[in-house]
K.L.:
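Once you've had a glance at the structure underneath, I'll fire off some questions.
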Amino acid sequence: MNARLDHRNPLVFDTHELGRRPGAQQRLTRTVDAPRDLGIQGVVGVPEGAPVELDLRLESVMEGVLVTGTARARAEGECVRCLEPLQLDVEADFQELFSYPDADDRGRVIAEPGDDAEDDEDRFYLEDGLFDLEPLLRDAVVLALPMQPVCQEDCPGLCSECGARLADDPDHHHDAVDIRWAALQGLAGTMSDGEKDEMSGDATRSARVDEKQEK
């Protein structure tokens, strides 16, 4: 069973006007502030307080009220490839039956609802004619959001060597270095000018000695 619901909560709806006559319908449109943590935590979600547009259809059936609706909002996150901030429009459809607490699956009145604990865990109930849309909204939005959001479908991501954003520089590249020469290049880069001159002089003297020996 739901905890006691507060009719002042914008995500709590009243079905008294709908009534319990099977087939009766009611359409509702409401814009509410997004609750906290609406989305995939740490990945993408609707910021707390952002507007969420709700279009609902309530239909009275034998066992309760069938709620069908659509939620629309703007989500924010981070591209998983280039790590740039992104925004995307999310539209989530949902449908759920909120059962009367005094009726079984066939609409028959029962004395004490909730005898079958396993079934109750998977069911939503009306409380004094009220129902809370938040759990249903959360599930629908999470399913509608991408698990790996990208700023654009062909985002090239970041350079694996320096971390540069490749979309900003399509010609970005690094010259390949033969690993067999990498150690020698590193050694040459650490040598002082004096050492290089000394080695150059040694090489010149060696060349002269070789020339004399040949003569």
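As the structure is a prediction and not an experimental result, all values here were calculated from the model.
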K.L.:
Once you round to the nearest 0.5 Å, how far does CG of Asp93 lie from CG of Leu143?
P.N.:
11.0 Å
K.L.:
Ala75 and Val44: which non-hydrogen atoms are nearest, and at how many Å?
P.N.:
CB-CG2, 4.1 Å
K.L.:
Do you know which two heavy atoms are closest between Leu88 and Arg74, and how far apart they sit?
P.N.:
O-CD, 3.4 Å
K.L.:
Is Glu96 close to Phe131 at the side-chain level, that is, under 4.5 Å between some pair of heavy atoms?
P.N.:
no
K.L.:
Cation over ring, Arg123 on Phe98, under 6.0 Å and within 45°?
P.N.:
no
K.L.:
Do Cys82 and Cys151 make a side-chain contact, defined as non-hydrogen atoms from C-beta onward lying under 4.5 Å apart?
P.N.:
yes
K.L.:
Would you name the heavy atoms of Pro101 and Tyr125 that are closest together and state the gap between them?
P.N.:
CA-CD2, 3.8 Å
K.L.:
With no hydrogens and no angle check, is any side-chain donor or acceptor of Arg81 less than 3.5 Å from a backbone partner on Glu153?
P.N.:
yes
K.L.:
Go through Asp132 and Leu11 one step at a time and tell me if the side chain to side chain contact (heavy atoms under 4.5 Å, CB included) criterion holds.
P.N.:
CA-CA 6 Å; Asp132 186 1; Leu11 287 172; 4.1 Å; yes
K.L.:
Between Phe13 and His7, does the side chain to side chain contact (heavy atoms under 4.5 Å, CB included) criterion hold? Intermediate values first, please.
P.N.:
CA-CA 7 Å; Phe13 292 81; His7 68 277; over 6 Å; no
K.L.:
Over all heavy atoms of both residues, which pair between Arg4 and Asp128 is shortest? Give the atoms and the distance, please.
P.N.:
NH1-OD2, 3.6 Å
K.L.:
What do the steps show when you test Thr70 against Glu91 for side chain to side chain contact (heavy atoms under 4.5 Å, CB included), and what is the final call?
P.N.:
CA-CA 7 Å; Thr70 301; Glu91 182 173 308; 3.5 Å; yes
K.L.:
Could you tabulate the donor-acceptor pairs under 3.5 Å formed by side-chain atoms of residues 45-59, not counting sequence neighbours?
P.N.:
unit_1	atom_1	unit_2	atom_2	d
Asp55	OD1	Thr29	OG1	3.4
Asp55	OD2	Arg72	NH1	2.7

K.L.:
Identify the residue among Val67, Val61, Val65 that makes a side-chain contact (heavy atoms from CB on, under 4.5 Å) with Leu97.
P.N.:
Val61
K.L.:
Would Thr15 and Leu130 count as a side chain to side chain contact (heavy atoms under 4.5 Å, CB included) here? Give the steps.
P.N.:
CA-CA 6 Å; Thr15 67; Leu130 305 177; over 6 Å; no
K.L.:
When the side chains of residues 31-39 are checked against the rest of the protein, which donor-acceptor pairs come out under 3.5 Å, sequence neighbours left out?
P.N.:
none

K.L.:
Take atom CD in Gln95; do more than 12 heavy atoms of anything else shown fall under 6.0 Å from it?
P.N.:
yes
K.L.:
Which heavy atom of Leu18 sits nearest to which heavy atom of Ser60, and what is that distance?
P.N.:
CD2-N, 3.9 Å
K.L.:
Testing the basics here: between Ile40 and Pro146, what is the closest heavy-atom pair and its distance to 0.1 Å?
P.N.:
CD1-O, 3.8 Å
K.L.:
Within this structure, what is the CG-CD distance for the pair Leu126 and Glu63, rounded to the nearest 0.5 Å?
P.N.:
11.0 Å
K.L.:
Using a side-chain heavy atom cutoff under 4.5 Å and only I, L, V, M, F, W and Y, what cluster partners does Val80 have?
P.N.:
Val150
